[in-house]
Amino acid sequence: MESTPIEKEISDQMTRGVLLVVTGPSGSGKDTLITLLKKKYPQIEWIVSTTSRKMRDGEEQGKPYHFKTREEFEELIAEGEFFEWVEFRGELYGTQKKTLMDALASGKDVVWKIEMKGVKNIKQKIKNMVSRSAFVYLIGDSLEVMKKRVHKAEGEEGAKVRWNESLVIWEMKQYEDCDYLLVNSDESLDQSVEKLSNILHAKRYEIIRES
Ligand code: 5GP
């Protein structure tokens, strides 16, 4: 017997994927939070984007990026391989079309970390392509807190590269481009993970009417 609309919706809920786009300034804790989310829900796909920046200690090819030289990156741009790309702090970052399409086609929940200019470039395109997507703007309690985090993680030399205060101030003005604002405090990391997963789940269960 053919299933009724609500039976179909109930069964779809179990299997459909959600795309969570996470953005926010340096020191907002994007990597920490996504890593914890992935620990809690290992089935989530983390989109591996491509960058021309140098590998940092502890990183390797494919973790967390496909590392390319600037020339290789520019070739990929010329070949039309990127869904989106930006220049950020003097380096190129982008996501290849195939990477994104494969992740979306997997039917799994997908997490995609991009900076604010990228969000501006692709938000409408993504909203047209993926009905269950949520753009989450992550922020530390204050500019000072984020600055301290970057200095603590990077040391003075690293922070000279990673902390660009005027860029952070610009990014902080752009939060309205996102759907959700999530304050990620040091004292309540667990709660932040909980909030992020709540957004993901709410999106999965949302009733979307065809217009
Ligand atoms: P980091 O060098 O600290 O790993 O990343 C710097 C910034 O680049 C972060 O804000 C991160 O979200 C952003 N980023 C990483 N991959 C991409 C991408 O594919 N596209 C865009 N637009 N930004 C990215």
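Both ligands and their constituent atoms are indexed starting at 1 by order of listing.
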Heavy-atom distances under 4.0 Å are what count here, so tell me which part of [X] touches ligand 1: side chain, backbone, both or neither.
X      : value
Arg53  : side chain
Trp85  : neither
Glu154 : neither

Nearest-contact summary for [atom] - protein heavy atom, Å:
atom                    : value
atom 9 (C) of ligand 1  : Lys30 CE, 4.1 Å
atom 22 (N) of ligand 1 : Glu115 OE2, 2.8 Å
atom 19 (O) of ligand 1 : Thr95 OG1, 2.7 Å
atom 20 (N) of ligand 1 : Glu84 OE2, 2.5 Å

- Query: Are Glu91 and Thr51 close enough that a side-chain donor and a side-chain acceptor fall under 3.5 Å?
  - Reply: no

- Establish, from distance only, whether the side-chain atoms of Ser26 and Trp163 form a donor-acceptor pair under 3.5 Å. no

- So, does Tyr65 sit close enough to ligand 1 that a heavy atom of it is under 4.0 Å from the ligand? yes

- Report yes or no: does a heavy atom of Arg162 sit under 4.0 Å from some atom of ligand 1? yes

- Message: Is there a polar contact between ligand 1 and Phe88, counting only N or O atoms under 3.5 Å apart?
- Response: no

